[in-house]
Amino acid sequence: MKNREVLLLTGMLILMTAFSIAVTSFASTNQGNLSKIKPRFTAESFWGTNTSPLVVYPGASYMPLTTELVYLGPANIYNVSIYFNSSYPLVLSKGQKQISLFLPEVSPGNRIRLFGYFNVSDSSHPGIYNETLTIVYYMMETGKGMPIMVRGNETINTSVPILGYSNIKLMTFRTNPPVLYAGMKAASITFYLINKGNSPAVNVSVELETNQLISPLYNSSNKIFIAYLPPGTPLNITVPIRLANLTKTKYLSYNGVLMKFSPPKGYNTTLTLRINYTSGYESIPVSLQVYSTAHFAVVGVQHSRLFPGASKKYITITLVNIGYANASFVTITLLPNPVFSPHTTSSENPLIAIERLNFTLGDVVSNGKANVTYVLDVSSGIKQGTYYLPLLVSWYQGPTMQQMRQIIEVPVKIGPMFSLSSLGLSNSSVNSPMFILTFIAVIVVIILVVMAAIGSRRK
């Protein structure tokens with residue numbers, strides 16, 4: 001009996017001890033959880049507003065950023081101060097103070113918005129960037145004794161999307177005129193650009209790197225600045241250029257005389273179009289071809305003696321195509337001038353004279369010769385000397401059959417109205433001793449006759 005009572009008492013003591021230990025453990029655990037309760041937040045940031053979102057790109061300025069903070073609980077918090085800590089690549093816009101907000105009380109489920117203007121660094125790249133929010137608050141805690149207000153702070157992350165990018169590409173280019181020919185002095189190249197990105201390209205500088213064959217028409221004419229290029233909109237820019245006159249020596253024989261010429265020669269060259277902007281860079285080769293053309297020169301002039309007032313004089317001009325390309329449908333036109341005019345009779349229609357200004361030679365191949373003959377009158381109010389007969393040579397040039405023109409001035413010598421040759425005396429007879437003695441004797445006789453006439457008058 002006594003043994004049973006001892007065992008019963010012992011068991012009761014063990015149960016009471018275990019219960020006491022369990023109660024103590026539970027109380028301790030509950031007090032620890034209470035002290036570890038902290039507010040929970042979540043945040044997200046976006047550019048613009050919910051109704052008008054924006055795609056922001058590196059280099060953008062004065063961009064409105066909205067950050068929405070959601071308080072998840074578990075209990076009300078008081079005297080809440082929220083600070084947006086901007087860091088790279090965000091920079092507060094000029095005049096914008098640090099983004100912050102004060103709220104006296106925030107309940108679980110409340111949504112809080114912060115708003116501010118930022119610039120995005122030029123050196124950044126498209127991506128998602130983490131910024132931080134600092135939240136300072138007071139929260140009521142209950143434990144042993146009276147409730148107390150405990151100060152706390154949290155730092156949470158918010159993702160800021162900078163997803164805008166620009167991508168400038170060259171669509172095509174063209175020259176004006178459409179085909180470049182050797183001998184041209186100036187032209188222009190028009191480039192068609194497009195931004196294939198989803199945001200504007202800013203601070204775009206375009207430069208056409210030239211060489212000795214193709215150079216800027218004037219200082220910095222190959223450099224263009226574009227402040228803003230929106231996406232999806234083609235843009236054309238025009239660069240004026242100067243073409244070098246590249247020549248190649250050619251030798252041609254005419255009437256046994258070897259002549260040296262330096263006509264224009266076509267060439268190929270490659271330029272580089274460099275496009276530099278805030279978030280990208282392009283280097284694009286640009287190939288240009290300058291075609292050879294026909295080119296004409298005078299190799300011979302034949303005419304009878306010309307003098308002031310001469311009429312109906314024939315002059316034959318021999319032209320040669322010294323260029324490195326054939327000429328099609330060649331026409332020679334005598335340009336109006338004060339010295340030479342086409343011969344017409346008083347009974348002829350003046351329109352006929354105009355028709356005589358033009359001669360059609362057809363096609364003239366490279367190194368080919370052609371003759372043109374005019375019947376001219378010489379102005380009577382000029383002095384003897386060398387004058388120039390202006391001719392306009394026009395033709396169509398392949399491969400585009402573009403019309404080309406060239407002015408050639410043909411030197412023509414105008415002599416005196418009377419000369420020994422006009423009297424039928426040759427140079428050999430003029431230079432003989434007998435002619436000289438005879439000429440002197442004639443002069444002496446004339447002088448004696450004149451003196452005798454003067455003496456007879458005095459008597």
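Computed from heavy atoms alone, side chains included, the values below leave out hydrogens, waters and symmetry copies. Just so it is clear, the structure is predicted and the values come from calculations on it, not from any experiment.
At distances below 3.5 Å, at least one donor-acceptor pair connects side-chain atoms of Ser292 with backbone N or O atoms of Gly266. In terms of modelled atom types and a separation under 3.5 Å, the side chain of Lys250 and the main chain of Gly323 share a donor-acceptor contact. At least one donor-acceptor pair closer than 3.5 Å links the side chain of Gln397 to the backbone N or O of Ala294. At least one donor-acceptor pair under 3.5 Å links the side chain of Asn195 to the backbone N or O of Ser199. At least one donor-acceptor pair closer than 3.5 Å links the side chain of Thr278 to the backbone N or O of Val202. Checked by atom type and distance alone, the side chain of Asn119 pairs as donor or acceptor with a backbone atom of Tyr62 at under 3.5 Å. Panel note: side chain Thr360, backbone Gly362; no donor-acceptor pair is recorded below 3.5 Å. Proximity of a side-chain donor or acceptor of Asp377 to a complementary backbone N or O of Lys312 within less than 3.5 Å is detected.
Side chains of Met140 and Ile77 form no contact here, defined as non-hydrogen atoms less than 4.5 Å apart. Using a 4.5 Å heavy-atom threshold, the side chains of Thr134 and Asn85 count as touching. The closest side-chain heavy-atom distance from Leu288 to Thr270 is not below 4.5 Å. Taking 4.5 Å as the limit, some side-chain heavy atom of Tyr374 sits within range of a side-chain heavy atom of Leu391. At least one side-chain heavy atom of Ser166 sits under 4.5 Å from a side-chain heavy atom of Tyr277. Side chains of Glu131 and Ser87 form a contact here, defined as non-hydrogen atoms less than 4.5 Å apart.
For residues 256-276, no residue pair satisfies the ring pair (Phe, Tyr, Trp, His ring centres under 6.0 Å) rule, not counting sequence neighbours. Counting only residues at least two apart or in different chains, ring pair (Phe, Tyr, Trp, His ring centres under 6.0 Å) contacts with residues 82-105 comprise Phe84-Phe118. Judged as a ring pair (Phe, Tyr, Trp, His ring centres under 6.0 Å), the pairs with a partner in residues 377-403 (not counting sequence neighbours) are, in order, Phe296-Trp395. For residues 311-336, the set of pairs meeting the ring pair (Phe, Tyr, Trp, His ring centres under 6.0 Å) definition, not counting sequence neighbours, is empty.
Listed by chain and residue number, nothing satisfies the salt bridge (charged side-chain N to carboxylate O under 4.0 Å, His left out) test with Glu154 (two or more places apart in sequence, or in another chain). In terms of the salt bridge (charged side-chain N to carboxylate O under 4.0 Å, His left out) criterion, Arg405 has no residue partners (sequence neighbours excluded). Judged as a side chain to side chain donor-acceptor pair (under 3.5 Å), and not counting sequence neighbours, the contacts of Thr51 are Thr49. Tyr117 is linked by a ring-ring contact (aromatic ring centres under 6.0 Å, His included) to Phe115, counting only residues two or more places apart in sequence or in another chain. Scored by the side-chain contact (heavy atoms from CB on, under 4.5 Å) test, Pro399 finds Tyr181, Tyr291 as partners (sequence neighbours excluded). For Ala310, the side-chain contact (heavy atoms from CB on, under 4.5 Å) test picks out Phe307, Lys313, Val378, with sequence neighbours left out. Shown here are the side-chain contact (heavy atoms from CB on, under 4.5 Å) partners of Lys260, two or more places apart in sequence or in another chain: Thr249, Tyr251.
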Give the table of side-chain donor-acceptor pairs shorter than 3.5 Å for residues 155-164, with sequence neighbours excluded, one pair per line with atom names and distance.
{"from": "Thr158", "atom 1": "OG1", "to": "Ser45", "atom 2": "N", "distance (Å)": "3.4"}
{"from": "Thr158", "atom 1": "OG1", "to": "Ser45", "atom 2": "OG", "distance (Å)": "2.7"}
{"from": "Ser159", "atom 1": "OG", "to": "Asn130", "atom 2": "OD1", "distance (Å)": "3.4"}

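Ring pair Phe173/Phe191 is tilted by interplanar angle, where 30° to 60° counts as tilted.
Salt-bridge formation is detected for the pair Glu282/Lys169: a Lys NZ or Arg NE/NH1/NH2 atom is positioned less than 4.0 Å from an Asp or Glu carboxylate oxygen. Taking the charged nitrogens against the carboxylate oxygens, Arg113 and Glu68 do have a contact shorter than 4.0 Å, which makes a salt bridge.
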